[in-house]
Amino acid sequence: MSMSESPSFTPDSGEESPGLYLHIPFCKRRCAYCSFNSHACQSPPAAYLAALADQIRHWSGQEWCRERTFSTLFIGGGTPTIYSGGELAGLVGQCLGLFNFTEDPEITVEANPNTVTVQALTALRRAGVNRLSLGVQSFSDRLLAGLGRSHTTAEACAAIGAARRAGFANINLDLMYGLPGQDAAAWRESLARALAHAPEHLACYELTIEEGTPFSRLVDTGELTLPDEEEALAMAEFTHDFLAQAGLERYEISNYARPGRECRHNLNYWRNGAYLGLGAGAVSCLSGFRFGTVKDPDQFTGLVRAGELPLSEAECLPLEASFRESVVMGLRMIQGVSLARLQHRFGLTPQGYYGKIFEELHRQGLVVVSEESLRLTEAGLPVANQVLARLV
Ligand code: SF4
């Protein structure tokens with residue numbers, strides 16, 4: 001498809017402000033568990049940034065984008081900060097100049113601890129970036145080395161300090177539990193060390209073994225063992241209580257925030273809102289039309305240079321599929337999914353649509369419905385994956 005033939009979209013007045021996502025598919029080296037679209041390189045190509053800038057220009061001129069006001073910008077990866085502060089600030093400035101944004105947009109950049117300096121972070125702050133998400137993962141050098149991470153705990157602490165000095169007042173730390181060789185005491189220690197930095201937001205994910213990764217091969221051959229289900233569950237339960245005591249409210253299955261610091265960009269995903277994703281492997285969902293971008297950065301760059309849209313698969317989402325997605329994604333939030341929003345958008349209720357499945361989940365005490373929302377119960381949250389699988 002050539003750029004002049006890009007699809008035109010019908011405005012959907014029911015949608016709220018969309019989010020804009022830019023993907024940087026490079027990291028200094030690949031972690032042993034990584035299944036993200038990221039490629040190891042020491043010096044990221046300038047040509048990729050030029051292609052991304054081209055795509056920003058192209059999409060900002062499309063009717064769908066011109067008619068909307070975006071409320072969030074998220075530069076994720078990979079490791080966005082593998083590019084210089086000036087280069088990333090240029091991308092942010094270009095987006096703010098070409099797209100309509102709300103008055104106070106949330107602008108997040110993801111970073112890995114050994115790729116940031118006070119100067120680079122100051123350049124990001126000056127460009128308008130107001131949220132930094134650091135991939136810390138653990139405060140144990142032994143566990144970090146086991147994960148194949150390229151940074152140390154000292155570098156993580158230095159990065160948080162640098163972010164504060166650069167003026168970041170909204171910092172997320174990504175942490176992982178259920179790691180090989182990690183016990184409850186080691187997880188508690190990581191959480192305590194994270195809290196010592198008073199982060200505004202924590203994302204605590206259980207390690208999952210994805211096919212095709214070095215970890216998956218090691219698990220298959222028995223060379224790597226993970227904490228068992230019971231231990232992992234105990235770590236998860238400890239997390240909720242420990243973080244609640246520290247004033248970080250759990251607002252999504254794996255995410256915790258101080259009041260008002262919930263990630264607006266991710267809330268839009270969980271509410272199944274519209275978003276435009278640019279860059280290799282990024283996905284967009286606009287007015288019930290979902291499409292992906294080619295994953296390979298060189299192919300992405302080549303197609304853009306040739307004046308082609310670097311699109312991969314695309315699908316129109318039927319109303320009922322979109323409804324089910326909204327329920328499944330919405331149940332990830334602790335407050336649940338708004339029944340009024342579902343009714344307004346789809347003219348459907350979960351009780352009516354799912355019938356017997358809903359009744360059974362309700363009888364088992366796994367979901368609860370009020371006048372406003374449908375949500376997972378305390379008993380439903382630990383088995384969220386099983387519950388959501390029945391509603392897909
Ligand atoms: S830093 Fe993140 S994206 Fe990069 S290799 Fe590690 S897990 Fe993958």
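Below, all heavy atoms of this structure are taken into account, side chains as well, without hydrogens, waters or symmetry copies. Ligands are counted one by one from 1 in listed order, and the atoms in each one are counted from 1 as well.
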message: Any heavy atom of R149 closer to ligand 1 than 4.0 angstrom?
response: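 Yes, R149 has heavy atoms under 4.0 Å from ligand 1.
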message: So for G78, does at least one of its heavy atoms come nearer than 4.0 angstrom to any atom of ligand 1?
response: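 Yes.
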task: Say whether, by atom type as modelled, one donor and one acceptor occur between the side chain of R30 and the main chain of C34 under 3.5 angstrom.
output: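 Here the side-chain-to-backbone pair exists.
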Ring-face cation contact, F168 with R125, 6.0 Å cut, 45° max: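 R125 over F168 ring: yes.
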- request: Answer yes or no on whether R66 is positioned over the face of W64, meaning its NZ or CZ is under 6.0 Å from the six-membered ring centre and within 45° of the axis.
  value: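 No, R66 and W64 do not form such a contact.
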If you count the atoms of ligand 1 from 1 in the order shown, which ones are under 4.0 Å from a heavy atom of [X]?
X: Y33; result: 7 (S)
X: N112; result: 1 (S)
X: R29; result: 5 (S)
X: C34; result: 3 (S), 5 (S), 7 (S), 8 (Fe)

query: Taking both backbone and side chain into account, is any N, O or S atom of C27 nearer than 2.8 Å to atom 4 (Fe) of ligand 1?
result: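 Given the 2.8 Å cut-off, C27 counts as a ligand of atom 4 (Fe) of ligand 1.
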Tell me, yes or no, whether the heavy-atom count around [X] atom [atom1], taken from other residues, nucleotides or ligands under 6.0 Å, exceeds 12.
X: Y353; atom1: OH; answer: yes
X: R188; atom1: CZ; answer: no
X: Q386; atom1: CD; answer: yes

message: Checking a contact table here: which protein heavy atom is nearest atom 5 (S) of ligand 1, and how many Å away?
response: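 Protein heavy atom at minimum distance: C31 N, 3.3 Å.
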